[in-house]
Structure formats: C-alpha cells, structure tokens
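Chain naming here is simple, since letters A, B, ... match the order of the sequence lines and numbering starts at 1 in each.
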Amino acid sequence: MKTYLQQIFQDAAGRLEYLKEAEIIFAPPQTKEHGDLATNAALILSKKAGKKPRDVAAEIISNLNYDQTKISRIEIAGPGFINFFFTTGYLAEVVPDILEREENFGRSDKYAGKKALVEFVSANPTGPLTVGHGRNAVIGDTTAALLSSVGYTVEREYYFNNAGRQMRVLGDSVRHRYLQLLGEKIEYPEGYYQGGYITDIARGLMDKHGEALRNEEPEGIFKSTAESAIFSEIKRSLEKLNIGFDSYFNENSLYEDGSIKQLLDSFKESGLSYEKDGAVWLKLEQMGSPKDPVIVKSTGEPTYRLPDIAYHRNKFNRGYDLIVDIFGSDHQDQYPDVLAGLRALGYDDSKVRVLIYQFVTILEDGKEIKMSTRLANFVELEEITDAVGKDVVRYFFIRRNTNSHMSFDLTLAKRQSDENPVFYIKYAHARICSILRYAAEQNIGLSLENLHLLEHPAEKELLKKLWAYEEEMLQCAENFEPHKITVYIEELAALFHRFFTECRIIGSGAELASARIALITAVRQVIYNTLTLLGLEAPERM
RNA sequence: GCCCCCGUAGCUCAGUGGAUAGAGCGCCGGCCUCCGGAGCCGGGUGCAUAGGUUCGAUUCCUAUCGGGGGUACCA
C-alpha cells in the first residue's frame, strides 16, 4: 500500500516540483473515517508551495495518476490531510502473498550480505544469572533474531573474564567453605561470596577429595572447579530460555595472544597515550571526553578500558558490518571511553551500536528487593523460568522498551502466569488452528478466488495490519526496538479476536467462508512468524 | 556538582510533530440454541511543572521538581 502511494507520488513529483522538497510520509490514521493511509504532505509543503494547505492538497490530488482498482477514494480532510481509501480487492492482495511466502513473509533481504555480531549477557562466572541478566539475555537474543530477519548474518557472542580479582575471591570463598566443612574454625570474610552455591561447590569437592585439598591454593582447584560449575549453571539457565551462543570470548585470551600489548604499543606509537604518576593515560580529552582515563594503573595492571578496547578492536578486525553490545545502565559511562579509544585508532565507531537497558526492580509482596551477587540476595533467573516457563519470561522482558525502567512483580509472576499477555497471542494462534481443523472436517476449503468479499470493517482492519508487518519488523530492526514486535503482535491478535467475534466463518456462505479461511490462515502464519521471531512456541492447542 | 535513563489511568506499561492519547491487571455491568468465553462489548477528572520552537507539542528544545543508574589507578 505504502509502496504504491510512494510510486504515484514519485510520478506526480515530475509535475509538481515542490513534492521533491520533503520526505512524504504515509501513516495509518487513528480512526478509519480518515482513510486507510494518510499523509500530511500538504501541511508540510504549504510554505514551500506558497499556498494554503488545503489548496496544496487539492493540487497534489489532481496530479496523482492512480489505479482505481487499487484506490477507491482520496479526500482532503481537516487542516489539509490527504486521506486514501483502498479497494477491498487491493487490500486482500496481501493474503496470497503471505500464503506463498509462508515463514519468509516479513523477512527482508535489505541487509543481505552484511555480518553482525551481537554480544550479550557476558556475565563473569562468579554466580548464577539473576533476573537482571535475563533482561539482557532476552534483549540480546531477540535483537539478534531481528537482525537476521532483515538479512544480516548474525553471530551471538558471550564475553567473560575468569582471571580477575573477583575470580580470586570466588576461589578463596570456596576454599573457606571447604575448610569450614572440614571442621576448621575459620572466619568467613565479609567481602566474600555469601551465596549457598559456594557451599555446594565446596561440598562437592569434599565428597570427591576428602581432606586432600586442605593445603591447596585458592586459585587452583577451588577456582577452576567453581568456574566450571558456575558456568555450566549459567549455560543451563540460558538453555532453558532457548538461548545459545556461537562463541564464548575469554578476556584472558587478549593477554595471551599479545593483543593487549599490541594495543598499548599502538597507542604509544601514535602518541595517544602518555605516562604520569606511574600510570599510563589515554589522551581522550582532545577528542571531546571529559577527562583522560587511565589504561594502566601504577601497579602495572590494566584497567578495564584496555581489554575492552582490545576486545572491540578484535571485533573490528573480524570484519563485522555491525557490532551490537547489550549493557545494563551501570555500564553507561564505560563505553564512551571505549568508542573514543577506537575512534582515535582510526576505527569507524558508527558500526558499533550500544544498547543500554535500564534496571529491573524486583518486587516481592509489594516490596522492592535490592540485588547484589556478592551478598547473595538476588533472585535467580532460573528460579523464575522454572516457575513460569520460558515463553512467559521471554515475553515479559522483551515487552518493554529497553531504556525504560521496569519492575518485576515476583509474587504476581509466580501466582498468575496466565495473566501475561503472551497467552493472548498464543490463544489467537490456537484458536485459528482449531477453526481450521473444524473447517477441514466440514470440508470447507481455502480459496483465493473470493477475497474481494472481505469487506467487513473488521476484515479490512486485519488486512491492513497484515500489510504493515514487513515494514514494522524492518523498523524494529533498524531502530533496535525489539519491544515493538510485541506491540505489533498484540494489535494483530486483538484485531483477529474482534474479527472472530463479529464475523462467522463456517456458515457464512461457501464463497465468503473460503475467503475467510484464507484470511485466517494468513493471520495464523503471521502470528506464527512473529512468535518465532520472539523465540516463542506457537501452540496448535492450549 | 556533572553525565545517562525515566516521569502517561488506582497499579504495570505502550504510543504519536497532527485530526477523539491506548493495552494489561484490578473494579462494576453486559455477551455463548452457533466455528475455542484463555475471547468480545460498555464503564476513566490521566501525558510531573514552567517556558520555548511550530500552522499544530503529550512527542522536539531549555529550566525546575521527583525516581533510578553512573561519576575510581573496581568491572
């Protein structure tokens, strides 16, 4: 529909110069009295044309050559909107298109041939994933799916560090619990990991090795056992959400393969770094940063910026066209330095897209829970997944705008999972499947011959929504707004339920029935495609 | 102090430079002789405040107030 209007406007622009002066936008009006699509072109161009908006609108309309089998009426309304009404036959053309393309309907090849990397979760293996990580995981996985649906070849990557101070503390935490289990009266340091999983790991070691580890170093078997135990838990928690990765990137490898040293040399050679007070600083102030950050401490240890920049340099060198990072808002101030560092080295940082999501507030019994991994007062992601199921968790997290704060009511989630709108969508799918089964029993088939009979207002609304699918998904992808997928699908499901209430299918007469079967088959396909994009099941029965 | 995000209905949150701002939950009332009632329909004093840009601002800009996060030679 939009493409067609764009065509006839382009044609008209050959006669009306001012039509080239602005981007003409077609949008569905709020009420159907205002047409199927409308444009404010005349309002915007009124000044350039030197005429009143309504006169401009009239002039535009008189210059449009359009096919009357597609457009039934064009009118000027309000201050100068141009409203377009399409013919039923034209609106219905989307149905055969959907039935032919099936799973591919809504996918685009706009970015075919481009490579994208999506890095997300990236939690260090110091404890189980929390609900907050869940938001990260679902945003990352869905964004990756979305990019893939518009043509990108997408890789999912998990970045972690098993070499830092946190990990040493983790190993020593396990050692302390182990010694306590052996009966030693040693105090457990306050800053150590308090979670019960530490004791579980220690107990596992005791069962296997008895007292033999009494004099082991914290960074040996204690740390390595903790790391692999926790990592396998993390992976299991993600698998339960059907989230997997193509690669795991270990920060440590950047030291081992010399990347860190090379990066330091690059900075030094290009005069981007300098030494002061025994530390190495990066000259970013000259690039607009608030101040020069330290990249190597006076102790000789690098700060997080150095490996972060090295990691991104590595990503660039792998040749991606798009590099997406999913971070929580606590990393807000971290990435500008990284991007500035890359820019200083001559990389095109416009290829990097950082998605910052705001924190999840957990409510239990109406009270807010403050989370901290070290203090172990967190709510585990897996606990929630086990309680309400993968699809509810995924839908819950993806439904909100990433830069909007959200709260998670644990009590509600555990008790009333059917209140989640995801059931509304799934019900629409199952309902259609049921109707189609029934229709088959009644020997009522699908036909594309009578689609012009779909002229009930509920049918037309449904058809228009189907037309909008591909463009809306493309916008979700290009604007990195995965939550808008749910806005679309909830609207589509609502339109279907309304249609179903108002229009009978079986019993509406053979010709109309066959057209309606075609329509709901198309709706089912689009719901299925959308649920698949979101990583959710599309049940045939509920 | 400075930086980022947010402030929309009782609650959780969508949404748009336009013509009457929505959904879910909760509450009240309707709708199945008939394809799935996990549904549909009706019921609301709501865009934090003040300026500005614009033909038009809830949307963009500025300030103020309120909430969250950051502001290390932690990550």
Side-chain angles (χ1 to χ4, degrees), chain A residues 25 27-31 33-35 38-40 43-44 46-47 52-53 77-81 83 122-124 126 161 164-166 251 276-281 290-291 293-305 307-308 328-336 356-361 363 366 368 396 399-409 412 416 418-428 430-439 441-442 444 458 483-484 486-487 490-491 493-494 496-508 513 516-517 520 541-542:
Chain A
I25 291 169
Q30 285 179 7
T31 60
E33 288 72 42
H34 295 144
T39 181
N40 60 357
L43 292 162
I44 290 171
S46 139
K47 226 175 234 175
K52 288 182 194 166
F81 293 103
N83 297 338
S122 296
N124 288 339
T126 59
N161 179 16
R165 192 188 63 88
Q166 287 179 53
E251 178 180 329
K276 192 181 80 181
D277 303 333
V280 182
W281 304 68
K291 60 175 184 178
V294 169
I295 50 174
V296 181
K297 300 185 232 176
S298 52
T299 59
E301 271 183 300
T303 66
Y304 64 86
R305 296 182 188 91
D308 273 6
S329 64
D330 54 337
H331 291 250
Q332 186 76 246
D333 276 4
Q334 181 172 337
Y335 74 90
I356 300 284
Y357 64 92
Q358 299 300 315
F359 270 24
V360 181
T361 308
L363 292 175
E368 194 175 315
F396 181 87
R399 195 159 177 256
R400 304 308 185 197
N401 194 328
T402 44
N403 56 19
S404 180
H405 298 271
M406 61 181 280
S407 69
F408 194 121
D409 190 330
L412 196 69
Q416 298 169 297
D418 338 0
E419 286 169 12
N420 191 304
V422 71
F423 290 91
Y424 182 79
I425 317 299
K426 291 179 171 227
Y427 179 60
R431 213 177 188 188
I432 294 173
C433 291
S434 166
I435 297 159
L436 293 176
R437 283 191 298 268
Y438 183 79
E441 280 171 28
Q442 307 293 312
I444 300 170
H483 77 284
K484 285 197 178 174
T486 70
V487 174
E490 286 178 32
E491 285 171 0
F496 164 72
H497 286 307
R498 211 165 301 148
F499 154 79
F500 186 74
T501 305
E502 293 186 25
C503 302
R504 287 204 57 78
I505 298 170
I506 288 118
S508 62
R516 286 181 169 165
I517 295 288
I520 65 169
R541 290 188 166 83
M542 286 172 70

What is the base-pairing partner of B:A23, counting Watson-Crick and G-U wobble geometry with both distances under 3.5 Å?
-> B:U12

Could you let me know what B:C60 is paired to, Watson-Crick or G-U wobble, both distances under 3.5 Å, or none if it's on its own?
-> B:G52

Take the protein atom CD of A:E490 and the nucleotide atom P of B:A23, then report the distance between them rounded to whole Å.
-> 12 Å

Gap in Å between the two P atoms, one belonging to B:U64 and one to B:G26, rounded | 41 Å

Which value, in whole Å, describes the distance between the C1' atoms of nucleotides B:G15 and B:C6?
-> 16 Å

On a whole-Å scale, what distance lies between the C1' atoms belonging to B:A9 and B:U58?
-> 14 Å

Considering only the C1' atoms, how many Å lie between B:A57 and B:A21, rounded to the nearest integer?
-> 13 Å

Which value, in whole Å, describes the distance between the P atoms of nucleotides B:C73 and B:G68?
-> 26 Å

Has the side chain of A:H405 got a donor or acceptor atom sitting under 3.5 Å from an opposite partner on the base of B:G69?
-> no

B:C40: pairing nucleotide in any strand, Watson-Crick or G-U under 3.5 angstrom | B:G30

So does A:S434 get a side-chain nitrogen or oxygen closer than 4.0 Å to the phosphate oxygens (OP1/OP2) of B:G36?
-> yes

Which base sits across from B:G1 as a Watson-Crick or G-U pair, both distances under 3.5 Å?
-> B:U71

Take atom C1' in B:A14 and the same atom in B:G52, then report the distance between them in whole Å.
-> 28 Å

How would nucleotides 70-75 of chain B be written as a contact map, 5' to 3', with B for base contact, S for sugar-phosphate-only contact and - for no contact, using protein heavy atoms under 4.0 Å?
-> BSSBSB

Measure the distance between the ring centre of A:H34 and the centre of the six-membered base ring of B:A19, then answer whether it is under 5.5 Å with planes under 30°.
-> yes

Where the side chain of A:T501 is concerned, which of B:A38, B:G37, B:C40 is the nearest nucleotide?
-> B:C40

Any A:K47 side-chain nitrogen or oxygen under 4.0 Å from OP1 or OP2 of B:C55 | yes

Under 4.0 angstrom between A:Y424 side-chain N/O and B:C40 OP1 or OP2 = yes

Between B:G68 and A:Q358, is there an OP1 or OP2 to side-chain N/O distance shorter than 4.0 Å?
-> no

Taking the P atom of each, how far is B:U33 from B:G37, in whole Å?
-> 12 Å

For nucleotides B:A48 and B:C35, find the distance between their C1' atoms and express it as a whole number of Å.
-> 49 Å

Going by modelled atom types, is there a donor-acceptor pair between the base of B:A19 and the side chain of A:N83 at under 3.5 Å?
-> yes

